[in-house]
Amino acid sequence: MNQPEDKSRRSFIGAAAVGVAGLGTIALAPGLHLVEVSQANPTSAPSQGASSKVRWGMLIDTTKCATGCDVCVKACATENGINETLKDARQGSQWIRKIDLKDPKADHMHSLPMMCQHCAEPPCVDVCPTGASFKRADGIVLVDRHTCIGCRYCMMACPYKARSFVHQPLTEQNPEVPRGLGCVESCTFCVHRVDKGMKPACVESCPEGALTFGDLNDKNSEIAQRIARESSTQVRADLKLNLGVRYQGI
Amino acid sequence: MALMKRALVGFAAVLLLAPGVSIAGAAKPVITIENPGECIAPAEEMRRNHMEMLKHQRDRTMRQGIRGEKASLNECINCHASKTTGSVTGKGGFCESCHTYAAVNLECWDCHQPKAGKKHAEAAGVKP
């Protein structure tokens, strides 16, 4: 149960029940009316919301990923308004970062982007004491910052070091991407874009086309077809977290 | 302190619930409507219920990914932002002037951008 139990939600369920019963009225009792009913009308809602039929995922071809290139990291920062002047450089938020791997024997350098892997079994969700860490029906793992108390258990639990904590007040947020002091944050797969049918900023920005985004459950999608045909790896597959992000060439 | 705050808010609520009744001498909050037209619900209902609407919308968008509904906070801001400052906060800001009067302190602005965003407005197809 991801939904925090609150009065307005309960009244919404109540209203839905009334609707099913066919009474078709907003007034439950004299003087008691529900404003939510009008908003719940599906015809007035352009976006139907996250569906459990979908599982969003990303396939990263590291053979196309150039050492020293950080276009995806910059695109992420621009899109998500990660632009604060840091009081302490060590405290910067990293929703996505570039990692260089070196095979000392072969002297082979290798570069890849690392971010939230959008696990099907996310440890961050398991440890969250408030239910703020949650997984959407479509597999996107998020922090509901309205319920995050900033305890940072999830940062400890994440095997991928994918989460950051905001240490200072922010003022220049992108209106579509609220973020602020005292909360944990991480890659959202650009949920505000995905919900509008767009791709995450990093995917669109990559000059090499190394990042593929799509629905893992849709057999006709490019990502599902490639994962079915080509070999790909889950980082720390031994943890059996069933990752949404897959890598090739590592 | 908390008791005093609640009493104050209660007092404000009484004032707001009875728009016809004015108490002589009591200063009223200055509410500037920048874009005349209609709100998402009648003004009386907005005064009384906007916090519940926002809280409900918050969970629908955050948890379920349902977007484009009426009670979106960004939509309030796009309509209600001041033409001079571009914001709903600050002195005389739509949300702020009323809340200062009613001794309400919103932490929403720690994260939410109180300025109407050009980018957002374009994306949502809303004229600021």
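Just so you know, these numbers use all the heavy atoms, side chains as well, and skip hydrogens, waters and symmetry mates. Values in this document were obtained by computation on a predicted structure and should not be read as measured data.
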Most heavy-atom pairs under 4.5 Å with chain B, out of Ile140(A), Val191(A), Leu181(A), belong to Val191(A)

Does Tyr153(A) have any ring-ring contact (aromatic ring centres under 6.0 Å, His included) partners at least two apart in sequence or in another chain, and if so, which? none

Carefully, step by step, assess Arg63(B) and Asp144(A) under the rule side chain to side chain contact (heavy atoms under 4.5 Å, CB included). CA-CA 8 Å; Arg63(B) 298 269 165 174; Asp144(A) 182 344; 3.0 Å; yes

Listed by residue number, which members of residues 211-222 of chain A have a heavy atom under 4.5 Å from any heavy atom of chain B? none

Mind listing the closest non-hydrogen atom pair of Cys111(B) and Gly180(A) along with its distance? SG-N, 3.2 Å

So with a 6.0 Å cut-off around CE of Met198(A), is the heavy-atom count from everything else above 12? yes

Working for side chain to side chain contact (heavy atoms under 4.5 Å, CB included), residues Gln113(B) and Leu170(A): CA-CA 10 Å; Gln113(B) 181 57 259; Leu170(A) 307 178; over 6 Å; no

Thr171(A) versus chain B, the contacting section by heavy-atom distance below 4.5 Å: backbone

Asn74(B) side chain to Pro175(A) backbone, donor-acceptor under 3.5 Å: yes

Pairwise side-chain contact, Pro178(A) with His112(B), heavy-atom cut-off 4.5 Å (strictly under): yes

Minimum-distance pair of heavy atoms, taken over all atoms of Val143(A) and Met62(B): O-CE, 3.4 Å

Tell me whether the count of non-hydrogen atoms from other residues, nucleotides or ligands lying under 6.0 Å of CD in Glu107(B) goes above 12. no

So, Gln173(A) side chain and Asp110(B) main chain: donor-acceptor pair closer than 3.5 Å or not? yes

Report the C-alpha separation of Lys55(B) and His146(A) in whole Å, then their side-chain angles, then the decisive distance to 0.1 Å, and conclude whether the side chain to side chain contact (heavy atoms under 4.5 Å, CB included) test is met. CA-CA 10 Å; Lys55(B) 205 167 139 204; His146(A) 304 102; over 6 Å; no

Enter the distance from Thr61(B):OG1 to Asp195(A):CG here, rounded to the nearest 0.5 Å. 9.0 Å

